[in-house]
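In what follows, residues are counted from 1 in the order of the sequence shown.
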Amino acid sequence: MQDSKQVIIFDTTLRDGEQALQQSLTVKQKLQIALMLEQLGVDVIEAGFPISSPGDMQSVHEIAMALKSTVCCGLSRAVDKDIDACYEAMKDAERFRIHTFIATSDIHVQSKLRKSFEDIREMAIRAVKRARNYTDDVEFSCEDAGRTPIDHLCGMVEAAISAGATTVNIPDTVGYTLPYEWGNIIHTLFNRVPNIDKAVISVHCHNDLGMATANSLTGVMEGARQIECCMNGLGERAGNTSLEEVVMAMKLRGEKLMGGIYTNINTTSIARASQVVSGITNEPVPSHKAIVGSNAFAHSSGIHQDGVLKNKSTYEILTPESVGFKDNNMHMTARSGRHMIKSVLTNLGYQEGTYDLDEIYQRFLKLADRKGQVFDYDLETLMFFSHELEEETQFSLDNLSVISGGKNILPTAAVRLKIGKRTRTESGTGNGPVDAVFNCISRLTGIKFELFNFVISAKGSGMNAQGQVDVDLIYHNRHYHGKGISTDVIEASAMALISACNSIYRAKIIEDEKEH
Ligand code: KIV
Ligand code: ZN
């Protein structure tokens, strides 16, 4: 039961965040993120939009069944078939929320929906009532509330609550409002909507003008008790409110500004959650990102360093430990046993039964042989890749050798790929070793792509890091991303390209199915 000081954290990384990614996540990847968010202490996870695709339907179902303490929520437009799809996806779970929405601003009502405001109101009422037949936990959102005439907004909120909505969400869909305007909107709702105390008021802010965190907090100061947000601020366009920013702002300033408000978030799990989401979504966290960026707690200038050495509080308002950054990683070697690996995975938040310990252990041993010491972030990387391996893959790397070096050596590669059930080998040259490998892979897969971006980075720290390669390919006017991690950057490059080729292959199959 929520008390008046608790702010519910509603995470929409898997819905609003996911819809902005270049490539959608697999069901397993979504489940991995959901379980990590549950560990973080998120109250509600918006797991997807079940009507939008069979994949979303399945992931919402699996997440709803897997969550224990966190409520799973599915999104629906204010139409019967969407609401029914949410119910279908979650009906076997003990608890679930249906979130239904309709746009309320003049521009959306007139240009997008081409209806009258009265029609929209009726659709909203009908949708909320239909969802209430399925669950007592119904959220209603007025899309583009930030640009909705205030009389319309008050009327809509009142109607939705009367129809049975238990949470009413007020989105600044296009990130247009300034904090004082947003505060006024929420303030007015609390003053003018007679039944407002019958529902939790929620805020959902986009970051187009960089106001999402400020607006969400202003909403809370005016009485909102749910914030919708995404890890690392992912989301449509410039993103949604960053979970880590609002949570830490409330933790640090909540007492003074808002009389002791709090959230259920285990703040020392924030850094890890951020890294897991960044790794799985392939969205790097900018180094200067508040709370979770690698520079967020670094002091660079001499004056700052001098101040911090004398007294940390001169320039440090939060400690890195308070969000879970730690220097000490567990060191594992090829002599570490299964128990050790299992215990590190448990500490990292992986529940037993959600992974194949034998398979991970075999891959850990191979890595330990190559690398000597393995750290917990390496193990995390193995976990991402184990999920990738479990997906059906058409192409996989069987063998690779490369010759390159001084100016008289022509870079030459030989690549052997498993292609379906067969194995094929190609050799060739290039303007460098990676180019030679890519030429071979392109011929073996038959995929003629344009390489749009190629980035090598270190995964882990210092000399113990592995090489991570991210490639962005263009194929038939679409971008495809691939990632590879290895102690050998040429191998990581091959793995990244092969993973992108697998995505292209899967996309081709889906296209072909649509055509026939
Ligand atoms: O930004 C928005 O308005 C939304 C709604 C669906 C809640 O994401
Ligand atoms: Zn949104």
Side-chain angles (χ1 to χ4, degrees), residues 23-29 279-280 282 355-371 378 381-404 411-430 432-451 454 456 459 466-473 475-476 478 480-513:
Q23 207 177 309
S24 47
L25 302 174
T26 64
V27 174
K28 290 213 164 94
Q29 288 172 321
I280 295 179
N282 266 311
Y355 59 89
D356 180 342
L357 180 61
D358 285 334
E359 192 248 298
I360 292 293
Y361 186 64
Q362 291 312 319
R363 297 179 60 228
F364 156 77
L365 286 179
K366 277 194 197 145
L367 183 65
D369 277 344
R370 287 173 81 164
K371 209 174 166 248
D378 292 319
T381 303
L382 286 185
M383 295 301 283
F384 298 152
F385 276 84
S386 84
H387 283 138
E388 226 160 76
L389 290 176
E390 282 169 35
E391 302 296 320
E392 285 273 297
T393 52
Q394 171 70 357
F395 310 114
S396 60
L397 184 63
D398 196 41
N399 210 325
L400 167 72
S401 63
V402 180
I403 305 169
S404 86
T412 308
V415 179
R416 192 161 73 218
L417 288 194
K418 283 197 183 130
I419 304 178
K421 294 200 165 41
R422 293 180 312 139
T423 303
R424 283 190 51 211
T425 307
E426 270 285 350
S427 58
T429 57
V434 172
D435 189 48
V437 168
F438 280 21
N439 289 338
C440 295
I441 294 175
S442 174
R443 285 203 292 278
L444 285 165
T445 57
I447 295 174
K448 299 211 176 344
F449 53 84
E450 182 192 330
L451 183 61
F454 175 91
I456 301 188
K459 184 86 191 167
Q466 296 194 74
Q468 171 165 333
V469 172
D470 289 274
V471 293
D472 182 352
L473 309 184
Y475 179 78
H476 290 185
R478 274 185 63 188
Y480 293 86
H481 177 262
K483 178 174 74 172
I485 298 185
S486 170
T487 48
D488 174 337
V489 289
I490 309 284
E491 185 178 71
S493 307
M495 288 160 76
L497 179 59
I498 292 166
S499 114
C501 288
N502 276 317
S503 300
I504 293 174
Y505 180 82
R506 278 194 291 271
K508 279 189 355 187
I509 292 184
I510 294 170
E511 282 304 309
D512 288 352
E513 275 169 5

Checklist line | Residues that Ile419 engages under side chain to side chain contact (heavy atoms under 4.5 Å, CB included), provided they are two or more places apart | finding: Gln394, Phe395, Leu417, Arg424, Leu444

Atom pair [atom1] ([X]) and [atom2] ([Y]), whose distance is rounded to the nearest 0.5 Å:
X      : Y      : atom1 : atom2 : value
Ser401 : Arg416 : OG    : CZ    : 9.5 Å
Leu357 : Gln362 : CG    : CD    : 9.5 Å
Ile441 : Phe449 : CD1   : CZ    : 7.5 Å

For residues [X] and [Y], determine if any side-chain heavy atom of one lies less than 4.5 Å from a side-chain heavy atom of the other.
X      : Y      : result
Leu367 : Gln466 : yes
Val471 : Phe438 : yes
Leu451 : Leu473 : yes
Met495 : Val469 : no
Ile498 : Asn502 : yes
Met383 : Ile360 : yes
Gln468 : Asp470 : yes
Ser503 : His481 : no

Smallest separation among heavy atoms of [X] and [Y], with atom names:
X      : Y      : value
Cys440 : Glu426 : SG-O, 3.8 Å
Val434 : Ser493 : CG2-OG, 3.9 Å
Gly484 : Ala496 : N-CB, 3.5 Å
Ala436 : Gly430 : CB-N, 3.6 Å

Note to self: Test of understanding: with ring pair (Phe, Tyr, Trp, His ring centres under 6.0 Å), list the residues that count as partners of Tyr480, not counting sequence neighbours.
What the structure shows: none

Checklist line | For Tyr475, all residues meeting ring pair (Phe, Tyr, Trp, His ring centres under 6.0 Å), sequence neighbours excluded | finding: none

Using only atom types and a distance under 3.5 Å, with no angle test, would you say the side chain of [X] pairs donor to acceptor with the backbone of [Y]?
X      : Y      : answer
Gln29  : Thr26  : yes
Arg363 : Leu382 : yes
Lys483 : Leu497 : no
Asn439 : Thr429 : yes
Ser442 : Ile447 : yes

Next item on the list: Applying side-chain contact (heavy atoms from CB on, under 4.5 Å), run through Val415 and Leu397 and close with a yes or a no.
Entry: CA-CA 8 Å; Val415 179; Leu397 184 63; 3.9 Å; yes

Notebook entry, point to check: Got a salt bridge between Asp398 and Lys418, using NZ or NE/NH1/NH2 to carboxylate O under 4.0 Å?
Noted result: yes

